[in-house]
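Every number for a ligand or one of its atoms is a count from 1 in the order of the listing. What you see is a predicted model; the values in this text were computed from it and never measured.
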Amino acid sequence: MSATFDTVVMVDWSGAGDRGATPRADAIWAGVARDGQADAPVYLRSRAAAEAWLAEVVPAERAVGRRVLLGFDFPFAYPAGTARRITGHDDPRLLWDWFAAAFDALADGEGRFDIAARLNGLFTGDEGPFWFNGLKRDLPGLGKGKPPRQADWPPERRLVETRAPGSFACWQMGGAGAVGSQAMTGMATLSRLRHLWPEAAIWPFDPVGDSPLVIAEVWPSLLSDAVTRRMAEDASLPGAGREGRPIKDAVQVAVLSEALSALCVDGRIDAAFAAAEGTDLAEEGWILGVGVEPELRAAAQPRLRNDCFALPSGVSWTPVDEALTLLRDRLTCVVGTETVPVGAAAGRILAQPHVAARSNPPAANAAVDGYGFAHAALGDAPHRLPLTRGRAAAGGPLEHALPRGEAVRILTGALLPEGVDTVVLEEDTRLEDGAVVFDGAVKPGANTRRAGEDVSVGEVALEGGHALRPPDLALLSALGLAEARVRRRLRVGVLSTGDELAAPGATQDPARTYDANRPMLLALAERWGHAAIDLGHVPDDRAALAHRLDTAGADVILTSGGASAGDEDHVSALLRETGSLTAWRIALKPGRPLALGMWRGMPVFGLPGNPVAAFVCALVFGRPALSVLAGGPWPETRGFVVPAAFEKRKKPGRREYLRARLAPDGRVEVFRSEGSGRISGLSWAEGLVELGDGAAEIRPGDPVTFLPYGLFGL
Ligand code: AMP
Ligand code: MG
């Protein structure tokens, strides 16, 4: 059997009735994923709505030649022996038909509990294996509690349920987590779908063969960790409830459909079908994914598409902006989240919006040192207000209310005592015989701060994706937040390649080049807030390079050297073997081709070997790409327009970056040589002058764009 699917549709079933128009947790949710990417989950208010939706979506996928895997999260069968008691046959497909007919034949006001009660009559004992009457009225044969098991009843659980810890037995008709009602209503639906789509294979009862539509039982709890993670990480998840909390069922279908689809992309879905076991398979069925839990969980990790660096074909030289747009569109966050103390969170990226735990300021207070009073009690100037006893200071409020017509000594940050709404600045007053005296007009509310005038409690103070700078730590702390939910640091592996490279300090051999890129790239990654991993130097040897990448323990790799298409360009060659390489010929100087590709799900940025080109490409492409992978924003780098202190003629067709710095006269000067071997120019410079893609003739005094290194986070 070779099973792979273009489209994976997952349905989170519900035994309950119509849940109404507003998305609810206990309704039916459906998720669709293609090529390892899930669409927004779909809310289906009732079983009829779900069947109607499926009757539209599944044929639409098939019409465009896509093979569909359709999963439902209810048991497709009962423990061995059950079907025979009810229908006289072991085949669960006949039981599905039986349920469909039984639901059709119900009298008004009857439902699944009546069917369960009736079925219990087929078994020995006062009641029967079905239990939990969820109705207000009593049902003979279906109790509220679990009856004692009789020896001749079928087993409590199917074999597959004994392999799925935490799963519920299908006899329980109600209560938290119960699946009995879903099983019954679901099986009736399976009967209808089977007759609607005779070509469908319902696994494992029908052979999968090359059926264009395979229906299988699934269980989202196999991915509960991934679901929890996704719920915490992705506040923008569709299906969010009224309080903005993602609905678990909606997240489940997205995560499960995406993971199964990812298994298809990686060619590993076969293993899931092969993992079913046991002699009772044809009677009891199996949960797709049980037996391959580690693979399934691995597939639920955030991932990038294997072709995420593909360029449109036929493009010879890609303009810088086009290359950047491609990166921006295709890269996504690949790291999970963690909680850290705010004091240790500088440089970290917020994983979700952070909301004020209290207002700033929490209560009205004094903005200056002076005297507080009630503005309404003032007569005409000059004013003379007797001073009350005591004083109000920050952390030491006045113990009593201020009598009308009096004033109180008040210090900056003190809560305004009852009876005070205005403060006069100390410097504008004088004291006379126990009274404060001042001239001139004071506006009501002067020199005070209103409660919450900065931020009020519950307000979003900082959005998810924000990289925390030192003042942000002040803000979070002022709002009462001791901890921040941040992205785990992106692990950036840095690797140099080339037989000619030697470590600085090694014997002086003019044929050797000292490895200059590695310390530079490691330091850049650290500056940008990532966890840099030194992967050392690998000679021009494909196997050694593959081994180093396999054992990198990184989320993303920056290599330098070997990125071109020459004989010794092993980074390109290796990535080409995985089928994911794109040599980006970017219309950029300095910079030769960038080799971008995926190595076993890990993005690799092959930077040029030349240190000047490696540096410029790291700033222009590496920095924004790493930021997005780390869960941060796409940084826009807008320069300053300043007059040139140089002359330059530039041909059209590529962008150029010149090593530059500001001269004392405020004009920008460029390094004496554009030679790409001149590493000293990078140190001489304090930034880059950016010359656009078109032709240019620059004369001294002409405006040019200067990008100080600081704009690149250096
Ligand atoms: P490549 O991209 O491998 O063809 O290398 C282009 C030039 O950059 C060659 O002169 C290399 O020796 C040099 N180069 C490659 N890697 C490094 C490095 N890590 N440090 C300094 N120079 C390098
Ligand atoms: Mg090389």
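For residues 543-556, the set of pairs meeting the side chain to side chain donor-acceptor pair (under 3.5 Å) definition, not counting sequence neighbours, comprises R488-D555, R491-D555, D550-W599, D550-R600. Residue pairs meeting the ring-ring contact (aromatic ring centres under 6.0 Å, His included) criterion with at least one member in residues 687-714, sequence neighbours excluded, are F615-Y709.
Relative to atom 3 (O) of ligand 1, the option among S496, G562, G498, A516 with the closest non-hydrogen atom is G562.
Close approach of ligand 1 to Y514 is summarised as follows: ligand atoms under 4.0 Å from at least one heavy atom of the residue are 20 (N), 21 (C). Close approach of ligand 1 to S560 (heavy-atom distance below 4.0 Å) involves ligand atoms 19 (N). Close contacts of ligand 1 with N610, meaning ligand atoms under 4.0 Å from a residue heavy atom, involve 6 (C), 7 (C), 8 (O).
At a 4.0 Å heavy-atom cut-off, ligand 1 touches P611 through the side chain alone. Residue T513 touches ligand 1 through its side chain alone, judged by heavy-atom distances below 4.0 Å.
Salt-bridge formation is not detected for the pair R67/D210: no Lys NZ or Arg NE/NH1/NH2 atom is positioned less than 4.0 Å from an Asp or Glu carboxylate oxygen. Checked for salt-bridge contact, R667 and E669 miss the test: no charged N lies under 4.0 Å from a carboxylate O.
Below 3.5 Å of separation, one finds an N or O of D515 facing an N or O of ligand 1.
Enclosure of atom CZ in R542 by more than 12 non-hydrogen atoms of other residues, nucleotides or ligands within 6.0 angstrom is indicated.
Under the 4.0 angstrom criterion for non-hydrogen atoms, E500 is in contact with ligand 1.
R659 contributes a side-chain N or O that, together with a main-chain N or O of R678, makes up a donor-acceptor pair within less than 3.5 Å.
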